[in-house]
Amino acid sequence: DVQLQASGGGWVHTGGSLRLSCKVSGFSFDDYAIGWFRQVPGKEREAVSSITNNDGSTFYVDSVKGRFTISSDSAKRTVYLEMDNLKPEDTAVYFCAARPYYGVFYSDVFTQTEYIYWGQGTLVTVSS
């Protein structure tokens, strides 16, 4: 069975840090890109970051560049999202998801409909 297990959420003050983990199973790790998305209740889900596991290319939306770092460990089949200098506007439920990747994206890296496997969310709360 395909599984993506997100963990690591929690509560921090503004300026704090958290590291999210997404452990995957049930598909070939290196043939997929893993993305992080987030959603605030009542708002649309938005992209945060993505990584291609076979070549390590990383992508970030502008609002998190310089603060968030995505990485992957193929031996552990886990993708991490290190979040530093957190702001109240980062408060959301964070989801990880997987899309097939064979060396090129034929659509925008953050096109959500291309992500075919989704995990459950983990809540991040940043207080001011």
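All residue numbers refer to positions in the sequence shown, counting from 1.
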Indicate yes or no: at least one non-hydrogen side-chain atom of [X] is less than 4.5 angstrom from one of [Y].
X	Y	result
Glu46	Gln39	no
Tyr102	Asp31	yes
Ser21	Val79	no
Thr111	Val109	no
Leu18	Leu86	yes
Gln120	Phe95	no
Val124	Trp11	no

Side-chain donor/acceptor of [X] to backbone N/O of [Y], under 3.5 Å:
X	Y	value
Thr91	Val126	yes
Tyr94	Ser7	no
Asn53	Phe29	yes
Thr122	Gly9	yes
Gln112	Arg45	yes

So Trp118 and Phe37, would you call those rings parallel, tilted or perpendicular, with 30° and 60° as cut-offs?
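Tilted, since the angle between the ring planes falls between 30° and 60°.
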For Val104, the rest of its hydrophobic cluster, which grows through side-chain links under 4.5 angstrom
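Members alongside Val104: Tyr106.
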Where Cys96 and Ile34 come nearest, the two heavy atoms and their spacing
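Minimum heavy-atom separation between Cys96 and Ile34: CB-CG2, 4.4 Å.
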Least distance between heavy atoms, Ser49 atom then Leu81 atom:
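Looking at all heavy atoms of both residues, the closest pair is CB-CD1, 4.1 Å.
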Tell me, with the steps shown, if Thr52 and Arg99 meet side-chain hydrogen bond (donor to acceptor under 3.5 Å, both in side chains).
CA-CA 9 Å; Thr52 57; Arg99 66 177 286 179; over 6 Å; no
With [X], which residues qualify under ring pair (Phe, Tyr, Trp, His ring centres under 6.0 Å), at least two apart?
X	answer
Phe68	none
Phe110	none
Tyr32	Phe27, Tyr117

How long is the span from the [atom1] atom in [X] to the [atom2] atom in [Y], to the nearest 0.5 Å?
X	Y	atom1	atom2	answer
Cys22	Ile51	SG	CD1	11.5 Å
Asn54	Ser74	CG	OG	10.5 Å
Arg38	Glu89	CZ	CD	8.0 Å
Thr78	Leu20	OG1	CG	12.5 Å
Lys87	Thr14	NZ	OG1	10.0 Å

Step by step, work out the side-chain contact (heavy atoms from CB on, under 4.5 Å) result for Ser50 and Tyr115.
CA-CA 11 Å; Ser50 187; Tyr115 286 81; 3.0 Å; yes
Taking a hydrophobic cluster as the set of Ile, Leu, Val, Met, Phe, Trp and Tyr residues connected by side-chain heavy atoms closer than 4.5 Å, whether directly or through intermediates, do Val48 and Val40 fall within one such cluster?
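No, it is not one cluster - the side chains of Val48 and Val40 are not joined through contacts under 4.5 Å.
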Please determine if Arg19 forms a cation-pi arrangement with Tyr80, meaning its NZ or CZ atom is less than 6.0 Å from the six-membered ring centre and no more than 45° off the ring axis.
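Relative to the ring axis of Tyr80, which defines the angle, Arg19 lies inside both limits.
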Residue pairs, two or more places apart or on separate chains, that pass salt bridge (Lys or Arg N to Asp or Glu O under 4.0 Å) and touch residues 66-84
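Every pair satisfying salt bridge (Lys or Arg N to Asp or Glu O under 4.0 Å) with a residue in residues 66-84: Arg67-Asp90.
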What residues, two or more places apart in sequence or in another chain, satisfy side-chain hydrogen bond (donor to acceptor under 3.5 Å, both in side chains) together with Ser57?
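Here the qualifying residues are Asp55.
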